[in-house]
Chemist: 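One structure, pasted below without further comment.
Atoms considered below: every heavy atom in the structure, side chains included; atoms not considered: hydrogens, waters and symmetry mates. We name chains A, B, ... by the order of the sequence lines, and we start the count at 1 in each one.
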There are 2 protein chains.
Amino acid sequence: MTAASTTTRDQQREETRERIVAAALEAFAEKGFRGASTRDIARRAGTNQGLITYHFRSKDELWRAAIDRVFATLGTHLLDTATAGQEDPREALREGIRQYVRFNAAHPELFRLMVDEGKSSDERMTWLIDTHMRPRFEAIERRLEADGRIDPALLPHAFYAMVGAGSLIFAVAPECRRLTGLDPETRSAIETHAEFVARLLVP
Amino acid sequence: MTAASTTTRDQQREETRERIVAAALEAFAEKGFRGASTRDIARRAGTNQGLITYHFRSKDELWRAAIDRVFATLGTHLLDTATAGQEDPREALREGIRQYVRFNAAHPELFRLMVDEGKSSDERMTWLIDTHMRPRFEAIERRLEADGRIDPALLPHAFYAMVGAGSLIFAVAPECRRLTGLDPETRSAIETHAEFVARLLVP
DNA sequence: CGTTTGGCTTGTCATCTGAATAAGTTGACG
DNA sequence: CGTCAACTTATTCAGATGACAAGCCAAACG
């Protein structure tokens, strides 16, 4: 069952944890925190439920690890592409939005988790905001205020408009397919949507 | 426990059903279909769980009744205000969007249910689309195609952008409050958001 | 005015579910 | 080669779940 003999213990450990976290992210996004069970997560990860409590003490801790992971992915995704030194600040802004949209196409989990947690203000929600969202939101705030291109009072509206417009179609992809006939997971659909939202917010 | 003596049986029956459906809508939006329990719904409605199986045969049927209700509300809400004969077609479109945003502020449940169901393509999802969403989507389609103001290929993108941009902030109101300090349930915030989204989509 | 009817309540089932432990197994590492 | 960490299997125990059955009580009706 274990990997090849060339695998060290530490490698194996990290590999397994990673596999579990990935499965957890999937399950949490699909069924919400309460709806997802550690048994199901273990099944998806190809192991057993006992191993989860071994690596992560509790379901809560596993959840936090999953969130950490998706935000780390978001961070690297945006960083990898933000360095394209664009002279036109508006076009740079657009490209940032396009990248954000592309990320949502590849990882619709983030949006689902946000909606799932955002409606009730329990401990998980406050942790999620204080740890991951506020830093990100304030970075956007600073960037836009420096340009002086937007009324600060409108910022929350712009932020949630962007997130909603840029994510929903991928989060409800099965619905979109059945309703409109368009498969939003297609490369061309992703690009069209990215361009659409970018032009919407930065005309 | 029962109402005043002036209440007829039929009145009482409808009143109770209505109360249960309202509670169900709330619970389903908050916890999703699986996460919401008929017991919890009964508690919210101020009755007992047995009554739910009496009025509605099953949890599924109750869910359908709840969806019917929220779409009926949406219908009357949009109808009540659509009759304002606007000469400028662009402004008429904007006003329609504003009304849609206002509806979402008053009834964030619709969006939450959509996200909850849209991610998995089970029987409930197909029913929801075929019964309620497609007619609405096609109505928008016809209206916009008549104007010739949008590339039909962009319609799905515009639709999901509008729904996402116009609903998310209200669906995750607690999160928005904590993250940005703005309470999206304020009358002024609702109006600001409505205007913002309307201008976004119809510049 | 009494009987019936139907909305409503209470109580119980049978099942399933969950997270968490505890005791065993295996293989890497010193 | 033995020890210890990674992993598995088995079990516990609490709580919730949807559905149902039997009975209650007031409105409806002749």
Side-chain angles (χ1 to χ4, degrees), chain A residues 1-66 116 120 122-124, chain B residues 1-28 30-66 116 122-124:
Chain A
M1 184 58 64
T2 46
S5 53
T6 55
T7 324
T8 73
R9 269 226 278 249
D10 283 4
Q11 282 177 328
Q12 181 66 20
R13 180 190 175 84
E14 272 318 301
E15 223 170 75
T16 306
R17 282 182 60 106
E18 169 60 22
R19 208 153 25 94
I20 293 175
V21 168
L25 193 55
E26 203 182 291
F28 285 137
E30 204 171 290
K31 312 188 172 182
F33 179 79
R34 279 195 58 190
S37 74
T38 53
R39 274 185 168 79
D40 177 41
I41 293 170
R43 211 176 318 120
R44 289 176 198 240
T47 54
N48 52 75
Q49 189 255 352
L51 192 57
I52 289 184
T53 12
Y54 173 72
H55 278 298
F56 311 87
R57 293 166 155 280
S58 69
K59 195 183 177 182
D60 269 276
E61 196 173 307
L62 174 59
W63 181 84
R64 264 178 264 126
D116 187 49
S120 69
D122 54 9
E123 204 203 331
R124 280 194 309 279
Chain B
M1 183 59 64
T2 45
S5 53
T6 55
T7 324
T8 73
R9 272 227 276 249
D10 283 4
Q11 283 176 327
Q12 181 66 21
R13 180 192 174 85
E14 273 317 301
E15 223 171 75
T16 305
R17 282 182 59 106
E18 169 60 22
R19 207 153 26 95
I20 293 176
V21 169
L25 193 56
E26 202 181 290
F28 284 138
E30 202 172 291
K31 312 188 173 183
F33 179 79
R34 279 195 57 189
S37 71
T38 52
R39 277 184 166 78
D40 177 39
I41 293 170
R43 209 177 320 118
R44 290 175 198 241
T47 54
N48 52 75
Q49 189 255 352
L51 192 58
I52 289 184
T53 9
Y54 173 72
H55 278 297
F56 311 86
R57 293 164 155 279
S58 68
K59 194 182 178 184
D60 269 275
E61 197 173 307
L62 174 59
W63 181 83
R64 264 178 264 128
D116 187 49
D122 54 9
E123 205 202 330
R124 279 193 311 278

Chemist: To the nearest Å, how far apart are Glu61(B) CD and dA19(D) C1'?
Modeler: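 These atoms are roughly 14 Å apart.
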Chemist: Could you measure the distance from the CZ atom of Arg43(B) to the CG atom of Asn48(B)? Nearest 0.5 Å is fine.
Modeler: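 Here the interatomic distance stands at 12.0 Å.
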Chemist: CD1 of Ile41(B) versus P of dT17(D): gap in Å, rounded?
Modeler: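 It is 10 Å, rounded to the nearest whole Å.
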Chemist: What is the distance, to the nearest angstrom, from the CD1 atom on Ile20(B) to the C1' atom on dC8(C)?
Modeler: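 Taking CD1 of Ile20(B) and C1' of dC8(C), I get 10 Å after rounding.
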Chemist: Of all residues at least two apart in sequence or in a different chain, which pass the side-chain hydrogen bond (donor to acceptor under 3.5 Å, both in side chains) check with Glu30(A)?
Modeler: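 Here the qualifying residues are Arg44(A).
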Chemist: In terms of the nearest nucleotide of DNA chain D, which residue is placed more toward the 5' end: Gly50(A) or Arg57(B)?
Modeler: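 Final value for this comparison: Gly50(A).
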Chemist: Which nucleotide in the list dT9(D), dC8(C), dG18(C) gets nearest to the side chain of Lys59(A)?
Modeler: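 So the nucleotide nearest the side chain must be dG18(C).
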Chemist: Tell me, please, which residues at least two apart from Arg124(A) pass salt bridge (charged side-chain N to carboxylate O under 4.0 Å, His left out).
Modeler: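 Result, salt bridge (charged side-chain N to carboxylate O under 4.0 Å, His left out) vs Arg124(A): Glu117(A), Asp122(A).
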Chemist: Rounded to whole angstroms, how far apart are CG on Asp60(A) and C1' on dG18(C)?
Modeler: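 Nearest whole value for this atom pair: 14 Å.
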Chemist: Would you please confirm or rule out a distance under 4.0 Å between OP1 or OP2 of dT21(C) and any side-chain N or O of Thr53(A)?
Modeler: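 Checking dT21(C) against Thr53(A), no side-chain N or O comes under 4.0 Å of OP1 or OP2.
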Chemist: What is the separation between atom CZ on Arg43(B) and atom C1' on dG18(D), rounded to the nearest whole Å?
Modeler: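 After rounding, the reported distance stands at 15 Å.
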Chemist: Report yes if a donor N or O on one partner sits less than 3.5 Å from an acceptor N or O on the other, where the partners are the side chain of Arg39(A) and the base of dA19(C); otherwise report no.
Modeler: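 Pair found.
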Chemist: So, OP1 or OP2 of dC7(D): does either fall under 4.0 Å of a side-chain N or O from Thr16(A)?
Modeler: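 Answer yes for this pair, as a side-chain N or O of Thr16(A) is under 4.0 Å from OP1 or OP2.
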Chemist: If the threshold is 4.0 Å, N to carboxylate O, is there a salt bridge linking Lys31(A) and Asp116(A)?
Modeler: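 No, Lys31(A) and Asp116(A) are not salt-bridged.
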Chemist: What distance separates Glu123(A) CD from Asp60(A) CG, expressed to the nearest 0.5 Å?
Modeler: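 Going from the CD atom of Glu123(A) to the CG atom of Asp60(A) covers 7.0 Å.
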Chemist: For the side chain of Tyr54(A), counting heavy atoms from C-beta on, which of dA6(D), dT8(D), dC8(C) is nearest?
Modeler: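 Among dA6(D), dT8(D), dC8(C), the one nearest the side chain of Tyr54(A) is dA6(D).
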Chemist: Tell me the interatomic distance from Arg19(A), atom CZ, to dA6(D), atom C1', rounded to whole angstroms.
Modeler: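 About 12 Å, once rounded to whole Å.
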Chemist: Take atom CG of Asn48(A) and atom P of dA23(C), then tell me their distance rounded to the nearest Å.
Modeler: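 After rounding, the reported distance stands at 17 Å.
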Chemist: Which residue, Thr38(B) or Arg17(A), contacts DNA chain D at a nucleotide closer to its 5' end, judged by nearest heavy atom?
Modeler: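 The residue closer to the strand's 5' end, by nearest nucleotide, is Arg17(A).
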Chemist: Measure from NZ or CZ of Arg17(B) to the centre of the six-membered ring of Phe56(B) and say whether it is under 6.0 Å with the direction within 45° of the ring axis.
Modeler: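 Yes, Arg17(B) and Phe56(B) form such a contact.
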Chemist: Using a cut-off of 4.0 Å on non-hydrogen atoms, how would the nucleic acid contact of Ser37(B) be classed: base, sugar-phosphate, or nothing?
Modeler: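 Sugar-phosphate, backbone atoms only, no base.
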Chemist: Distance check, rounded to the nearest 0.5 Å: Glu14(B) atom CD versus Arg19(B) atom CZ?
Modeler: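 One gets 12.0 Å once the value is rounded to the nearest 0.5 Å.
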Chemist: Between atom CG in Leu51(B) and atom P in dG11(C), what is the gap in whole Å?
Modeler: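 In whole Å, dG11(C) P lies 16 Å from Leu51(B) CG.
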Chemist: Near DNA chain D, under 4.0 Å by heavy atom, which residues of residues 26-36 of chain A?
Modeler: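 Listed by number, there are none.
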Chemist: Please determine whether any donor N or O and acceptor N or O are separated by less than 3.5 Å between the side chain of Gln49(B) and the base of dA19(D).
Modeler: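 Check passes, donor-acceptor contact within cut-off.
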